[in-house]
Amino acid sequence: MNLHHRPLRHTLLARTSSARRRHAAVPRPLPSPHEPADLPRAPVHRIRGLVVDCETRKVSVGGQQLKLTCMEFELLAYLVANRRRVYSREQLMALVWQQTAVGDLRTIDVHIARLRRKLGPGHRALIRTVRQVGYAFEPSATATPRP
């Protein structure tokens, strides 16, 4: 027996631990599109009977689902996510529409008016107009009855 050779068992253990080190150093592949990934869930905002589900892109008031256009949903979701912060029409155009404000900014006013109409009398006051500035989502606003 040659004393310069390692015993077989010691050699196998050395190879195994070496393979483990190499395997641990290899970065794990990203999940394929066919495998479910643990992605963070989009928020669900609940304010006084108003529910804005950003994952399913559904909005309901008092349990009744609203039919919003894509831009109406984007505008409402952005305002709700940034409560009490006042945004100018230019800022909303850039942040929600992702384009620079060119031409008539009254398109924001039209979308706000449609949103308020769809939200109904109990929730339309949640979108507050700040004169000469823009709009904000105000969760503590109370409904104002219309004559």
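By the 4.5 Å heavy-atom criterion applied to side chains, Lys58 and Phe73 are not counted as neighbours. Considering only heavy atoms from C-beta on, Leu79 stays 4.5 Å or farther from Leu115 through its side chain. Within the 4.5 Å cutoff, no side-chain heavy atoms of Val52 are placed close to those of Leu68. Between Tyr135 and Leu75, every side-chain heavy-atom pair lies at or beyond the 4.5 Å cut-off. Side-chain contact between His45 and Phe137: absent, with no pair of heavy atoms (C-beta onward) separated by less than 4.5 Å.
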Audit row: Arg116, Thr129, side chain to side chain contact (heavy atoms under 4.5 Å, CB included) steps and yes/no: CA-CA 11 Å; Arg116 286 177 172 156; Thr129 300; 2.7 Å; yes
message: side chain to side chain contact (heavy atoms under 4.5 Å, CB included), that's the test. Do Arg128 and Val86 meet it? Break it down for me.
response: CA-CA 9 Å; Arg128 179 171 59 102; Val86 179; 3.9 Å; yes
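Residues Ala42 and Cys54 share a closest heavy-atom pair of CB-C, 3.8 Å. The minimum heavy-atom distance linking Asp109 with Arg106 is given by the pair OD2-NH1, 2.6 Å. For the pair Pro139 and Ile47, the tightest heavy-atom approach, listed with the atom from each and the gap, is CB-CG2, 3.7 Å. Nearest heavy-atom pair, Arg124 versus Pro121, reported as atom, atom and distance to 0.1 Å: NH1-CA, 3.7 Å.
Within the 3.5 Å criterion, the main-chain N or O of Arg48 finds a donor-acceptor partner in the side chain of His123. In this structure, Asn82 contributes its side chain and Arg85 its backbone to no donor-acceptor pair below 3.5 Å. Between the Arg83 side chain and the Val80 main chain, a donor and an acceptor come within less than 3.5 Å of each other.
Other residues, nucleotides and ligands contribute more than 12 heavy atoms inside 6.0 Å of the NZ atom of Lys118.
Here the straight-line distance linking atom CD of Glu74 with atom NE2 of His111 works out to 11.0 Å at 0.5 Å rounding.
The hydrophobic clustering, which links ILVMFWY residues whose side-chain heavy atoms are closer than 4.5 Å, places Tyr78 and Val51 apart.
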